[in-house]
Amino acid sequence: MPLHFELVTPAKLVRSESVHMVVVPGSEGEFGVLEGHAPFMSTVKDGVIRVYKSENAAPEDIAVSGGFAEVGANGLTVLAEHVEG
Amino acid sequence: MASLKELKLRINSVKSTQKITKAKQMVAAAKLRKAQAAAEAARPYAARLAGVMGSLAGKVTVSGSSPKLLAGTGKDQVHLLVVANSDRGLCGAFNSNIVKAAKVKATELQAEGKTVLFYLVGRKGRAQIRRDWPNAIIGQFDTTGVREPGFTEAEAIANELLGLFEAGKFDVAHLFYSKFRSALVQVPTAQQIIPVPAPAAAATDDGAVVEYEPDEETILVELLPRYLRTQLFGALLENMASEQGASMTAMDNATRNAGELINKLTIQYNRSRQAAITTELIEIIAGAEAL
């Protein structure tokens, strides 16, 4: 089962796709989110989000700043003020 | 009766005015589509953030130790009115409607014995507000160099407001802008932005316990300025769309009026020309008969 991942900035919806895993640089340490993660909210440090499209794929890096992550029943949503790449 | 030459000049001048209004109308129509798209694109972020704020606000009780942005300064004396206008005219009553709404609020507050200050965004409302409150404008954000308001501008405005708030320059801030309903209808709107009004707690209880990292309060403190920025950004986008909508309608009217005026003047011109020709003929015939 893939994880639904959304990356949103004030200007637009940057990503909305199904991925295997996302590693987010939380303000209290990095955390990886897989499908079926417990509901969770965290602020995100300015840094790099790594998106793993499938289990063995090379991660894709997205630099974000001013972020906030929310894990709910419908997947992971990252709200970021600025996104690069 | 104006002379033929005068009439002709007049017709030409109205024609060139019509050209300008027509061009502006088309530009506004194109920009309106773009502004609407931008406003649409900004919606998911605002909706999500409002949702998160709602669920957080339901968990955190407002007390004396709450962040000032949420609980206020404890006073209600100095009100800051943030008035968002455009930089350009040719958009009908768009700017004056916003200013009017702000003025009504300011008069109301003053009647209650409060102090009123202004912070202006955009160039257009400045003169009107300065006429009535010459010393109340404490800041202005210039958007003349910016083609489309982006998040960078919203951020800059929010940071300046937060700085003023932290310096204790005001207790409550209201934002005035124009909400976009359609190209025909724009509603001047007032909204309290500081202290942040708690969004209605969303009923998102799906039974699961949400874990917070760090705790709710810290997240809230971090999210409040962000929420403010998002609201300002949303207001700027709405304003942009409203301005283009108002401009489109106003210019459409102007073009039509100019067309009517041209028709009227042309008829008048033709009549006078005919009259002149008739007079000339009569003169010639009379002259010939006299011989």
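Letters A, B, ... mirror the listed sequences (proteins, then strands); counts begin at 1.
You'll find the side chain of A/V8 stays beyond 4.5 Å of the side chain of A/V78, heavy atoms only. In this structure the side chain of A/K45 never reaches within 4.5 angstrom of the side chain of A/E30, judged on heavy atoms. At a threshold of 4.5 Å between non-hydrogen side-chain atoms, the residues A/P25 and A/V48 do not count as touching. In this structure the side chain of B/R126 reaches within 4.5 angstrom of the side chain of B/Q140, judged on heavy atoms.
Using the six-membered ring where Trp is involved, A/F31 and A/H37 have ring planes that are tilted, between 30° and 60° apart.
Other residues, nucleotides and ligands contribute more than 12 heavy atoms inside 6.0 Å of the CD atom of A/E17.
Only the side chain of B/F233 has a heavy atom closer than 4.5 Å to any heavy atom of chain A. Interface remark: B/R229 contributes side-chain atoms only to the contact with chain A (heavy atom separation under 4.5 Å). No part of A/A69 comes within reach of chain B, as not one of its non-hydrogen atoms sits under 4.5 angstrom from that chain. For A/E70, the part sitting under 4.5 Å from any heavy atom of chain B is the side chain, from C-beta outward, and nothing else. For a residue to count as touching a neighbouring chain, one of its non-hydrogen atoms must lie under 4.5 Å from one of that chain's; by this rule B/E155 touches chain A with the side chain only. When heavy atoms are compared at a cutoff of 4.5 Å, B/A46 does not approach chain A at all. If you measure heavy-atom distances from A/T43 to chain B, the contacts under 4.5 Å come from both the backbone and the side chain.
No other option in A/A38, A/S27, A/G66 has as many heavy-atom pairs under 4.5 Å with chain B as A/G66. Top candidate by heavy-atom pairs under 4.5 Å with chain A, chosen from B/T152, B/T218, B/L223, is B/L223. Between chain A and the residues B/L49, B/V52, B/T230, the largest count of heavy-atom pairs under 4.5 Å involves B/V52.
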* For side-chain contact (heavy atoms from CB on, under 4.5 Å), just list the numbers for B/N85 and B/V121, CA-CA rounded to whole Å, side-chain angles, deciding distance to a tenth of an Å, and then say yes or no. => CA-CA 6 Å; B/N85 279 120; B/V121 179; over 6 Å; no

